[in-house]
Protein chains: 4
Amino acid sequence: MRAEEQVQKSEKREAILQAALELVAENGLQHTPMSMISKRSRASAGIIYHYFESKDDLLASLYQRIKREMSRAIAARYDPQQPLVKRFQSLWLSMFHYALAHPKEMVFLEQYESIPGVKQHEGVKTLQDMAEDWQRKNPFGAENDLEAQVLHGLVRDLSAQDLLKDLPLEVIGEFTMGVALRLARQSAAGLVKLDEAALNNVARACWDAIAR
Amino acid sequence: MRAEEQVQKSEKREAILQAALELVAENGLQHTPMSMISKRSRASAGIIYHYFESKDDLLASLYQRIKREMSRAIAARYDPQQPLVKRFQSLWLSMFHYALAHPKEMVFLEQYESIPGVKQHEGVKTLQDMAEDWQRKNPFGAENDLEAQVLHGLVRDLSAQDLLKDLPLEVIGEFTMGVALRLARQSAAGLVKLDEAALNNVARACWDAIAR
Amino acid sequence: MRAEEQVQKSEKREAILQAALELVAENGLQHTPMSMISKRSRASAGIIYHYFESKDDLLASLYQRIKREMSRAIAARYDPQQPLVKRFQSLWLSMFHYALAHPKEMVFLEQYESIPGVKQHEGVKTLQDMAEDWQRKNPFGAENDLEAQVLHGLVRDLSAQDLLKDLPLEVIGEFTMGVALRLARQSAAGLVKLDEAALNNVARACWDAIAR
Amino acid sequence: MRAEEQVQKSEKREAILQAALELVAENGLQHTPMSMISKRSRASAGIIYHYFESKDDLLASLYQRIKREMSRAIAARYDPQQPLVKRFQSLWLSMFHYALAHPKEMVFLEQYESIPGVKQHEGVKTLQDMAEDWQRKNPFGAENDLEAQVLHGLVRDLSAQDLLKDLPLEVIGEFTMGVALRLARQSAAGLVKLDEAALNNVARACWDAIAR
DNA sequence: GATGAATGAGCTTTCATTCAT
DNA sequence: TATGAATGAAAGCTCATTCAT
């Protein structure tokens, strides 16, 4: 019964996280009480506090998990063998497609990061954050580093070849991840329709913005 | 004191709006109860409901006011006599500087727009929204139209001269207003430092993104 | 300007009472705040407290007025010259028709009398109340005495002739005024339809109930 | 304690209903805030909303329960074996005695039914309501039907024997249940004193009112 | 691990009443 | 007389968290 318990325990925890994700995406952070998470996940009100210290802890755990999985997925698709410019394009498309495929997660990120005093944890937006995380071995573990390393490395390589304009890292982040995630959210919400051709154009526009 | 009252349209109402703005900027929407707004504005709990129907109404009124004043300010600085490309640059800088000069308002906008089901009211982001507002004489009155007309007109003029890439309006909006506002918010929060030279570079990068 | 002021003063007071009557009839006592009475009567919130000490006082004044007018109207139609049994019948019909013609007033009475600790003031229902009022020169003045005298007198005369069963006064009241008012309310609400013939039958049934 | 819980269906819920009943009987609906119910029942403010959706729901539940128990009690005492006229008398006395034995419940009913727009739910007063309930299998379940069936059946039987005057059902209801409940309420409030002999007289008077 | 009844502080909102004008 | 902005206590209700079972 060892293995089964292991599985069951994760399943309850998983159900809670999943319910929180869905409900926050549907109703927003403010309108997602614990009782609702409890109902949707079919977990009792009490047991949630066995898995998480508090609502804040539950939300933070979910946030970390989403960030980690997104990093992993994007890093996994990254091929350092490709030519530099091509690498940028495919990284941009990776981000866009990941965001498009995970609309609930994207809404959650936006909700969570809009809490004042939380963005400090670690934002998606600034490359500098990632660079710093990288340098100070950030506490969230090696998984997040994958994406950070990829991006930071790519920017460094492009800089080394003098292919980039002289722009602050944050600005570059805004023109790449920022624009990609925002447009993906709009796509997911049906506010924009972008086919594969249009997408390549947009990726190209991003490149034009930052390329020397 | 007759005339004075007429002019200032109730300083109590103003104090309430100002308190709400500050507190939401400081603590976030979730952590700004009416009792706090009441205390900060030195207004009784009850009188707020004399001026606003509900908390939602207060927040919506504040949102509209911020959007309106921002539109006015940006449109006021717009000079249609300048050459086209120069016009784009100065419009972009107007937006950025306005956002930078009004950090509390920017935090409030971010907070307010992160409520699910509210962004639909009218977002800054898509040019299409503005075009539509323009066409259907949007309900928020002529003040908002100023900004919409300016931007829509500029994009139309640039398109007419074949100066723009073939990109959806939303994408253009993201590369212009989107990036400007986001970077301004980061500047205001002290997350990025951008001097005048760097700023011109960023404006130029935006232009590169959308220019043919 | 003397006379005009007299008129105007009564008009404002009248408007307030009338608004209170309508609103209580429409929404019930619980859902009739002073602000609503103020709006409907086009009187400011403050001025109401010039005419009435409190909400309770306003309501009590309205109650007294309704009771007084009802007494007057019913007593006015009473003809002590008619034969005894005929007198009973026409008194019963007077009550019924008055109630039918004043549905708002009837609802108000029901609302007001349902407040615990208020029915003591003076109820419509018990003949004994009226008898007592009569004996102790009740404080509400001579107008209410009219009805009390009429009813009490009629019962006394009927008793003297040994035409009534040996029933407590309250029971007789219930079979006469009680049933009349209740059926009138139902008629006004459209719950029963009673033509003149049916009405005479009901009056007769009342008589059968109390007659020896 | 399993089985016991099943049986008593939460003593907390019971305590809340009981507290509400007492307080409304003592102070009236308007002057019975939830905080008072909470204090009297020794339940926290929050738990009430675990058992009832709202104050309205709590009140409606209490109303239904009182009506249901009253129906059950009266129907239980009814003996269809007795002769017709005797049946009427004993039914009338059942109603009266039940009302007399449950003064708090009677005050509550009067309070609750005085709310505009609530009486429609289901009134005691009209026999027609009961007839309709009977025909359309009313939603409150079989318990209420007991009383409805009893009364409707009795009136039908009396009519079949041509023992009743030609009066609308509502009028008959007013002369029977209406008078019984009203007098019982007055008795309970100490406004009338009726001994067993007087009571039989009143029941007889009711019969005289409706009998041919 | 698991339940869900219970808590109580705190939320938004209402409303009788007052008071400066 | 008359106004209506202002007050503040109190209302109904929510919800993160605890705890006996």
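Order of the sequence lines fixes the chain letters, A, B, ..., with proteins taken first and strands second; residue numbering starts at 1 for each chain.
- D/L58 places a side-chain heavy atom less than 4.5 Å from the side chain of D/I37.
- For the pair D/F52/D/L17, a side-chain contact is recorded, criterion being any heavy-atom separation below 4.5 Å from C-beta on.
- In DNA chain F, runs of at least 3 consecutive Watson-Crick or G-U pairs, each pair with both distances below 3.5 Å, span E:2-21 with F:2-21.
- The CE-P distance, from C/M36 to E/dC15, rounds to 8 Å in whole Å.
- Between B/R185 and B/E105, no side-chain nitrogen of the basic residue sits less than 4.0 Å from a carboxylate oxygen of the acidic one, so the salt-bridge criterion is not met.
- No donor-acceptor distance shorter than 3.5 angstrom exists from the side chain of C/S38 to the backbone of C/M34, with no hydrogens or angles considered.
- Distance CG (B/L58) to C1' (E/dT13): 13 Å, rounded to an integer number of Å.
- Following rounding to the nearest Å, A/K39 (NZ) and F/dT14 (P) show an atom-to-atom distance of 11 Å.
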task = Give the intermediate values and the outcome of side-chain contact (heavy atoms from CB on, under 4.5 Å) for residues D/Q111 and C/I115.
result = CA-CA 8 Å; D/Q111 290 283 315; C/I115 306 173; 5.8 Å; no

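- D/L23 places its CG atom 12 Å from the P atom of F/dG12, with the value rounded to the nearest Å.
- In terms of position on DNA chain E, the residue among A/R42 and D/R13 whose nearest nucleotide sits closer to the 5' end is A/R42.
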Extract from the structure each pairing of a protein N or O with an N or O of nucleotides 15-19 of chain F at less than 3.5 Å, listing the distance.
{"from": "F/dA16", "atom 1": "OP1", "to": "A/K55", "atom 2": "NZ", "distance (Å)": "2.9"}
{"from": "F/dA16", "atom 1": "OP2", "to": "A/M34", "atom 2": "N", "distance (Å)": "2.4"}
{"from": "F/dT17", "atom 1": "OP2", "to": "A/Y49", "atom 2": "OH", "distance (Å)": "3.1"}
{"from": "F/dT17", "atom 1": "OP2", "to": "A/K55", "atom 2": "N", "distance (Å)": "2.9"}

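- Put simply, the side chain of D/Q30 never gets that close to the backbone of C/Q30: no donor and acceptor are under 3.5 Å apart.
- The CG-C1' distance, from C/L29 to E/dC15, rounds to 15 Å in whole Å.
- Protein atom CG of D/N27 is 15 Å distant from nucleotide atom P of F/dA10, rounded to whole Å.
- In this structure, of F/dA6, E/dT7, F/dA2, it is F/dA2 that holds the atom nearest to the side chain of C/Y51.
- When only modelled atom types and interatomic distance are considered, B/Q18 and B/E14 share no side-chain donor-acceptor pair under 3.5 Å.
- For residues 52-61 of chain A, the set of pairs meeting the side chain to side chain donor-acceptor pair (under 3.5 Å) definition, not counting sequence neighbours, is empty.
- In this structure, A/Y63 and A/F108 have tilted ring planes: the angle between them lies in the 30° to 60° band.
- F/dT14 atom C1' lies 15 Å from atom CD1 of A/I37, rounded to whole Å.
- For the pair D/D57 CG and F/dT14 P, the computed distance is 12 Å after rounding to whole Å.
- E/dG1 and F/dT21 have their P atoms separated by 23 Å, given to the nearest Å.
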